[in-house]
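Residue numbers begin at 1 in each chain, while the letters A, B, ... track the order of the sequences.
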There are 2 protein chains.
Amino acid sequence: MASTIQEVHDEEAHQFRSREHPSVAVDVVIFSLRERPPDVDHPADVDLQVLLIRRGAPPFKGMWAIPGGFVGMCESLDEAARRELAEETGVTNVWLEQLYTFGLPDRDPRTRVISVTYYALVSADRLSPLAGSDATEAAWHSVYALPPLAFDHAKILNYALTRLRYKLEYTAAAFELLPEEFTLRELQEAYMVILDDYKLDKANFRKKLQREGQEVVVPTGRFRETGGRPAELYRFDETSKLEVKARRLFP
Amino acid sequence: MASTIQEVHDEEAHQFRSREHPSVAVDVVIFSLRERPPDVDHPADVDLQVLLIRRGAPPFKGMWAIPGGFVGMCESLDEAARRELAEETGVTNVWLEQLYTFGLPDRDPRTRVISVTYYALVSADRLSPLAGSDATEAAWHSVYALPPLAFDHAKILNYALTRLRYKLEYTAAAFELLPEEFTLRELQEAYMVILDDYKLDKANFRKKLQREGQEVVVPTGRFRETGGRPAELYRFDETSKLEVKARRLFP
DNA sequence: ACAAAAGTGTTGAGAGTACACCCATGC
DNA sequence: GCATGGGTGTACTCTCAACACTTTTGT
C-alpha cells in the first residue's frame, strides 16, 4: 500500500516491459427509427431499431451481436467506432457518443477483452436499402423484441437504451434520428416510441417546442400530404441555443 | 467494407494471434470536501478538492497527475479502480463511478495507453490525516486552483467536475461527500461550492428537501454549536425512494 | 441589548396538464 | 357532409424564486 517514488517508477517500467495486455475492442450500438413491420400492432408507424450481426464463428456462433471490432494501434477510440459504423452501414458523419467501458475478466470466454462501447443515431433516410452486403448477416431488430444476444451484449444494449432516453430528455438528440424535414407529429411519435410512453399531449408538446429553447424547430414553407389536412414540414434550428437551462432536479 | 462470415472469423482470429495490444490503465479522480485553507478568500468554509500525485519519473517528471495504474489481467475495471483508490487513500466502500475512456493514440508519449477513468466521492471524515504515506508525494488541491497536470489529465479532471455537477443536480450524490450527520447549512454550502454558484436561497433550499423525495433528510435530535443559534443535525434518509421522478426537460 | 446564525411564511410569475375546440383536406 | 388528421385556446394546478420575517443562542 505504501510506495516510494522509486517504487512507482519501477511499477510503471515493469508494466511497459510486460507483454500481458488485454485486447481492446469497440462495440457500437446503432439506433435508427425505421418503419414498423406491418405485423406488429402499435399505434405508431415507426419503431426504434438496432443493427445486429449474426455471428458466423464460435463462441456464440449463430447468435446475434452488436457490431464491433478491435482497436488499431494507431487509431483513437472514436476513429475505431466510426470505422466500425462505416463498415456496417456505409454512413459517415453521424452522431456518435461513447457509452461505457465493459471489462469483466470473463466477458469473452477466449481471452481478456475490454470493450469500449459507443452508441450512434442514424436517420433512416441515410441508410442504404440493406446494411452492408452479401453474406454478412446483418439485420435491424426492434429494441422491443430482441433476440438473445452474444457475450454481455444484452447488458450493453440495455444501457444504451437507457442513455438514449435520458439524452432525449434534455437534449435535441431526437433530430439525429429524423430526416432533415419532418412534421411535428413525426417528431412527437419519435419521442413517444423511444421513451415507450404513448400519451404525450399534442398541444402541450407543441407549446414546449415554441418556448423552451426559443425556436427549436422552424417551419419550412412545405407541407406533407397525410390522411387529412396536410401537415407543415419543420426542420431543426441549428442556431437555437438549446442550452436547456439545467433546471435543478435535486434538491 | 464488404465482408463474408469467413472473413469476419479470420479477422477475429488474427486479432487473437497478434501480440500488438494497447496497455489499459485506470485513473481515479478522487473528490473530497475539505476545510478551505485560511489564505483563500471565499464565503464558504469548505472547498472541493482532488487528490493528486506528483510524478517521480519521466515523462512529465515532477508534474502532478491523477492517481492510477494498470489493469491486472484477472481483475475487473471496477476492482482495479477500487484497488487504486485504496492504495492512495486507504479507504474502501466509497462511492465510485466510471467516467469516460480516453484513448487518443499519443496521449502517453511512451506507448499506446488507453485510460478508463473513474471518479470517487469520499467524505473528509473517512480520510486519514495525510493520504497514503511517507515519500509518495500526494496532496489535495482545490479544483478551483489546479497546478499544471501531466498527460491529458487536465481534460479528465475537467470532465469529472462536469459530471459531478450534473450528478448533484438529479441525485443524492452530495451526501457521499458529507459526514453521517450534517447541518442543513453545511449541505447547502456543499451544493454551492461544488456547483460554483453561491446564491442559493436558504428557505427555498430547505423547502425542496422537505418535499422532493419526501424526506430526503431526517433530523437527529442533536445540535451543533455555531456562532449563533445551534443548528440541528440531519442525516440522509437511505430509505427515501429518491427516484427523482425524471421531469422531462426537453422538449 | 445586540450580533450572528437558524429557521419560517407569503406572494406573484411561470411551467405543466387536461381537455375542448377550430381548421383544412379527400372522398 | 363527414371522416381524418393538423393545429389552437383556456383554465386550473403546481413549482419556483424572491424577500421579509421570527427564533434562539453567545457576549
B:R36 meets the salt bridge (charged side-chain N to carboxylate O under 4.0 Å, His left out) criterion, sequence neighbours left out, with B:D47
Atom-pair distance ([atom1] on [X]; [atom2] on [N]), nearest Å:
X: B:F182; N: C:dA6; atom1: CZ; atom2: P; value: 14 Å
X: B:L184; N: C:dA5; atom1: CG; atom2: C1'; value: 13 Å
X: A:R206; N: C:dT17; atom1: CZ; atom2: P; value: 17 Å
X: A:R224; N: C:dG26; atom1: CZ; atom2: P; value: 16 Å
X: A:N204; N: D:dA11; atom1: CG; atom2: P; value: 15 Å
X: B:D197; N: D:dA17; atom1: CG; atom2: C1'; value: 13 Å
X: B:F205; N: D:dT15; atom1: CZ; atom2: C1'; value: 17 Å
X: A:K207; N: C:dA15; atom1: NZ; atom2: C1'; value: 11 Å

Where the side chain of [X] is defined as all heavy atoms beyond and including C-beta, which of [options] is the nearest nucleotide?
X: A:R185; options: C:dG9, C:dA18, D:dG6; value: D:dG6
X: B:D201; options: D:dA18, D:dG7, C:dA18; value: D:dA18
X: B:K208; options: D:dG7, D:dC16, C:dA18; value: D:dC16

Taken to the nearest 0.5 Å, the spacing of A:E180 CD from A:T220 OG1 works out to 11.0 Å
**Report entry** Donor-acceptor side-chain pairing of B:D27 and B:T117 below 3.5 angstrom
**Finding:** no
### Under-3.5 Å donor-acceptor pair between A:K202 side chain and C:dT17 base
no
With B for base contact, S for sugar-phosphate-only contact and - for none (protein heavy atoms under 4.0 Å), nucleotides 22-27 of chain D reads -BBB--
Q) Hey, does A:A203 reach any base, or is it just sugar-phosphate, or nothing, if we go heavy atoms under 4.0 Å? A) base
Using a 6.0 Å cut-off, check whether atom CZ of A:R235 has over 12 heavy atoms from anything other than its own residue.
no
I'd like to know whether CG of A:N93 has more than 12 heavy-atom contacts from other residues, nucleotides or ligands below 6.0 angstrom.
no
Across all chains, not counting sequence neighbours, the side chain to side chain contact (heavy atoms under 4.5 Å, CB included) partners of A:R163 are A:E97, A:L99, A:Y119, A:Y159
| request: Measure from the side-chain N and O atoms of A:E87 to the backbone N and O of A:E84, and report whether any donor-acceptor pair falls under 3.5 Å. | output: no
